[in-house]
Amino acid sequence: MEKFVINGGKPLVGEVTVSGAKNAAVAILPATILAADKCIIENLPEISDVDVSLEILGDLGAKVRMLGHNTYEIDTTHVNCTAVPDDLSRQMRASYYFLGALLGRFGEGQVAMPGGCNLGPRPIDQHLKAFTALGAEDVVECGQVRVHGCGLKGTHVFFDTVSVGATMNAMLSAVLAEGQTVLENVAKEPHIVDLANFLNMMGADVRGAGTDVIKIRGRKALHGCTYSIIPDQIEAGSYMVAAAITGGNVLVKNVIPKHLEPITAKLELAGVVVEEYDDAVRVYRAGDLLATKIKTMPHPGFPTDMQPLMTVLLSVAKGTSIVTEGIWENRFRYVDELIRMGANIQVDGRVAVIEGVPELQPAPLRASDLRAGAALVAAALSAKGTSEIEEISHIERGYERMVEKLQGLGADIKRVKKPASAMPEAL
Ligand code: EPU
């Protein structure tokens with residue numbers, strides 16, 4: 001078991017390069033199954049969710065070969081199994097993308113049924129709605145969800161709620177179905193467009209990704225291709241917040257500034273300067289941080305995955321800020337940790353009212369999920385003194401080499417092993 005030890009209070013200065021997008025990678029890797037051929041995927045982030053996805057592919061019969069840093073060749077020609085091993089699928093919620101991909105190619109697929117998580121209930125009814133509309137049946141038993149249905153037929157799906165996962169899964173299952181599929185009220189996140197671009201590179205006919213309606217003309221077969229994953233919007237936003245809260249000056253490189261607009265707009269309202277270049281943004285503070293109001297929403301609204309980071313930033317902004325969580329029922333669990341650092345935050349359901357304090361104090365901390373963990377890192381970087389963050393495996397699911405990247409910006413952060421005697425904790 002490891003933890004981060006952070007000696008905060010130093011401005012971050014320098015340049016940091018953003019890795020490939022986690023939430024695109026975890027859909028594009030299963031999508032390679034649809035090619036029944038070799039795909040080369042570039043700009044894959046080195047994170048544990050990608051490791052799990054590659055392991056699942058190998059277990060299903062794909063040949064996975066590392067070609068270089070962040071580049072893998074995946075040959076799915078001989079995939080011969082349609083059930084994702086339980087232990088692997090339970091390590092990562094996004095293993096549900098294997099359902100859509102396996103259903104699309106083989107007419108059947110099985111993964112562990114996802115339960116709720118730290119963010120609240122995580123139903124997959126909209127994923128199943130799309131599969132059944134295409135002609136598949138689903139069975140949930142013994143903790144597994146199995147979908148099966150040969151000869152899927154193009155259909156019309158109007159989603160009851162805007163869902164990233166259901167939109168992606170519907171695309172995966174429809175690209176090889178016979179005829180046209182129309183998906184309405186879909187998610188529009190950059191990773192939806194990235195998956196559509198990847199599917200089209202494999203020969204699929206997916207149009208409209210990035211708008212509310214996606215139209216797919218089913219193809220008889222797809223083929224391999226070489227594809228580079230987009231930069232991670234949330235990783236970029238995390239370094240932008242870390243730069244701002246430490247009063248630093250950071251050039252965040254390998255970004256698509258258009259994807260960052262919802263984040264940039266709110267940072268500017270909070271008194272942060274964001275200079276845009278072709279594929280980079282420079283972030284620094286003009287003066288004091290200012291209070292603001294934020295509500296998380298599906299893209300192009302403010303992303304929920306940035307909510308914990310913005311709450312940290314606003315906890316040291318002058319005045320009263322209000323943050324409303326519009327996507328997840330339970331995404332303020334980390335606030336208790338911030339209160340232990342001296343933050344003045346009151347949470348009522350999905351709303352957090354933040355009275356800015358001059359600064360946060362160091363403390364022993366525990367990450368409750370991926371973005372909460374990243375937010376605590378930003379908080380600890382700003383607090384003068386030594387903070388320790390436990391349960392960093394959450395953070396390493398989605399941030400490539402975070403310690404090294406922060407050290408490159410001058411942060412005093414290290415990953416240390418927790419001594420065995422310190423492991424049992426009083427609750
Ligand atoms: N929902 C349903 N039914 C469904 C699916 C979703 O009611 O069948 C509800 C959810 O309960 C939630 C809302 O719809 O209230 C949105 O959920 P969505 O399906 O969009 O979320 P997701 O696909 O499970 C992805 C990201 C999350 C990110 C959300 C929202 C991946 C692997 N995960 O989850 O990322 O918060 O979209 O943008 O893409 C993270 O990276 O830390 C993370 C949690």
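We count residues from 1, following the sequence as given.
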Calculate, to the nearest 0.5 Å, the distance between atoms [atom1] and [atom2] belonging to [X] and [Y] respectively.
X	Y	atom1	atom2	value
Ile40	Thr226	CD1	OG1	4.0 Å
Lys188	Thr211	NZ	OG1	7.5 Å
Thr304	Leu119	OG1	CG	7.0 Å
Ile322	Thr311	CD1	OG1	12.0 Å
Ile345	Glu337	CD1	CD	11.5 Å
Leu57	Ile74	CG	CD1	5.5 Å

Would you say the side-chain atoms of [X] pair up with the backbone N or O of [Y], donor to acceptor, closer than 3.5 Å?
X	Y	answer
Ser173	Ala170	yes
Glu268	Val273	no
Ser387	Ala363	yes
Tyr96	Ser89	no
Asn70	Leu44	yes
Asn169	Gly100	yes
Arg105	Ile33	yes
Asn7	Asp412	no
Arg90	Ala112	no
Gln233	His259	yes

Surrounding [atom1] of [X] (heavy atoms of other residues, nucleotides or ligands, distance under 6.0 Å), is the total greater than 12?
X	atom1	answer
Lys215	NZ	no
Lys10	NZ	yes
Asp160	CG	yes

_By the definition side chain to side chain contact (heavy atoms under 4.5 Å, CB included), identify the one residue from Asp305, Val164, Ile28, Ile230 that meets it with Asn23._
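Of the listed residues Asp305, Val164, Ile28, Ile230, the side chain to side chain contact (heavy atoms under 4.5 Å, CB included) partner of Asn23 is Asp305.
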
*Does the pair Thr77 and Lys38 meet the rule for a side-chain contact (heavy atoms from CB on, under 4.5 Å), with working shown?*
CA-CA 7 Å; Thr77 313; Lys38 282 183 187 162; 5.5 Å; no

Within the 3.5 Å criterion, strictly below it, is a donor on [X] or [Y] matched to an acceptor on the partner's side chain?
X	Y	result
Ser163	Gln126	no
Asp194	Tyr227	yes
Glu46	Tyr399	no
Tyr72	Glu42	no

*asked:* Could you go through Ser19 and Lys405, starting from their C-alpha distance and side-chain angles, then the distance that decides it, and tell me whether this counts as side-chain contact (heavy atoms from CB on, under 4.5 Å)?
replied: CA-CA 11 Å; Ser19 301; Lys405 289 187 186 188; 2.7 Å; yes

Nearest non-hydrogen partners of [X] and [Y], listed with the distance:
X	Y	value
Pro262	Phe302	O-CD1, 3.5 Å
Thr76	Thr32	OG1-O, 2.8 Å
Val274	Met240	CG1-CE, 3.9 Å
Leu172	Ala31	CD2-CB, 3.5 Å
Leu314	Ala270	CD2-CB, 4.2 Å
Ser315	Ile354	CA-CG2, 3.5 Å

Heavy-atom check, side chain of [X] versus side chain of [Y], under 4.5 Å:
X	Y	result
Ile395	Met402	yes
Leu102	Glu108	no
Ile41	Cys39	yes
Leu152	Leu176	no
Ile192	Val186	no
Val250	Val13	no
Leu381	Ile245	no
Met92	Val26	yes

Using a strict threshold of under 4.0 Å (side-chain N to carboxylate O), is an ion pair present between [Y] and [X]?
X	Y	answer
Arg333	Asp369	no
Asp279	Lys253	no
Lys3	Glu390	no
Arg331	Glu325	no
Arg371	Glu235	no

_With salt bridge (Lys or Arg N to Asp or Glu O under 4.0 Å) as the test, pick out the partner of Glu396 among Lys22, Arg401, Arg415._
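Looking at Lys22, Arg401, Arg415, the match for Glu396 under the salt bridge (Lys or Arg N to Asp or Glu O under 4.0 Å) is Arg415.
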
*Could you walk me through whether Val145 and Leu128 pass the side-chain contact (heavy atoms from CB on, under 4.5 Å) check?*
CA-CA 10 Å; Val145 53; Leu128 300 180; 4.1 Å; yes

*Test the Arg350-Trp328 pair against the cation-pi criterion, namely NZ or CZ under 6.0 angstrom from the six-membered ring centroid and within 45° of the ring axis.*
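Arg350 over Trp328 ring: no.
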
*side-chain contact (heavy atoms from CB on, under 4.5 Å) assessment of Ile56 paired with Phe98*: CA-CA 9 Å; Ile56 293 174; Phe98 283 92; 3.5 Å; yes

